[in-house]
Amino acid sequence: MEIAGVRVARATRVRHAIELIELADGTRISLPTCFVNGASAGPRLYLGAAIHGDEVNGVAIVARVLQKLDPSHLAGSIVAMLVQNPLALHADHRLALSHYLKSPLDQAPNDAWSCFPGRPDGSLAEKLAHILFGLIRACDYAIDLHTPTRGGRYVPITILPDPALGEPFQRAEKLGEAFGSGYIVKTTTGMYVRDGILAVEATRAGVPAFTFEIGEGGRLEPDMVAIGVRCVENALKHLGMVRGEPDPPERVVRIREFVGLRATRGGLLFTDAPLGAPVRRGEVLARITSVYGDELELLTSPADGVFVRSTTLSTVASGERAVTIGLVE
Ligand SMILES: [Zn+2]
């Protein structure tokens, strides 16, 4: 196959660097890439990690999948963007912080994840989205791996694009089901289904895609990486790219909507409910105390659901999100 000007022979892999920008001292920043061409024909899968630079579990997941994979046993091909946002990874931050701090106005918009399909002459985030979108459009399916940004933790959760996207959405849903993370979100509201989001724009362009969130921002977690590797391998099996049947999770929680609970008081945040647990309406999920130890607020579940995302920061100010539950189908 030939992609991004690189020829990849049958049953081989090539590591490559795709140029992004030049910094003031002449340093060239590029995107670490791995192209894998299988031994026989099949779909082409895009795997992208760390479009938010502190979301490193995805980097380790994609790296491990590639290490385990024998190209001579692969049908089709893989375009793996191990670090979709290298300047953000350098900062160990959601955004390319050096650019953002230096010229926040010029660099707006600054979150590449929500800038798709991007612009070749735009801000760094828009330019990055443009380059990534060119690669995504050369693929048949795409998976975008995330964790929450630093200070948050998700259960392993597959978040589908907007169901209004028709036939490509249906294929994204089938792929997401086979992916088997144990939690799957099919919703028409919230940021994950908005215009501009990577998986939404990919699916709109005819490349079925979804967002996968797992674990905690700013941390590398071997147990979460192992789950993610199993899920990506399930996707490869579902697409007929490697042999075998997908390994399903023990149970599947189907979520129709996220509900975030924001603190109305500021203080220390104590989270009582275990992540992933079913919760009942009125159940206490977290508590906020003053720095003197006085209890200021109890955060209770507004409905029956599942506790899917916790805040791992030790403090909250009034207005900050402390807990997210998923309303179950
Ligand atoms: Zn993210």
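When a ligand or atom number is given, it counts from 1 through the structure's own listing order.
Of the listed residues (Tyr141, Tyr46, Phe169, Phe179), just one forms a ring-ring contact (aromatic ring centres under 6.0 Å, His included) with Phe210, and that residue is Phe179. Checked options Leu275, Leu285, Val323; the residue passing with Ser310 is Leu275 (criterion: side chain to side chain contact (heavy atoms under 4.5 Å, CB included)).
By the 4.5 Å heavy-atom criterion applied to side chains, Asp195 and Glu201 are counted as neighbours.
Connection of Leu97 to Ile21 is not established within any shared hydrophobic cluster, with ILVMFWY side chains joined at heavy-atom distances below 4.5 Å, either directly or through further cluster members.
His146 contributes ND1 as its N, O or S atom closest to the Zn ion (ligand 1). Note on His52: its N/O/S atom closest to the Zn ion (ligand 1) is ND1.
Taking backbone and side-chain atoms together, Glu55 has an N/O/S atom less than 2.8 Å away from the Zn ion (ligand 1).
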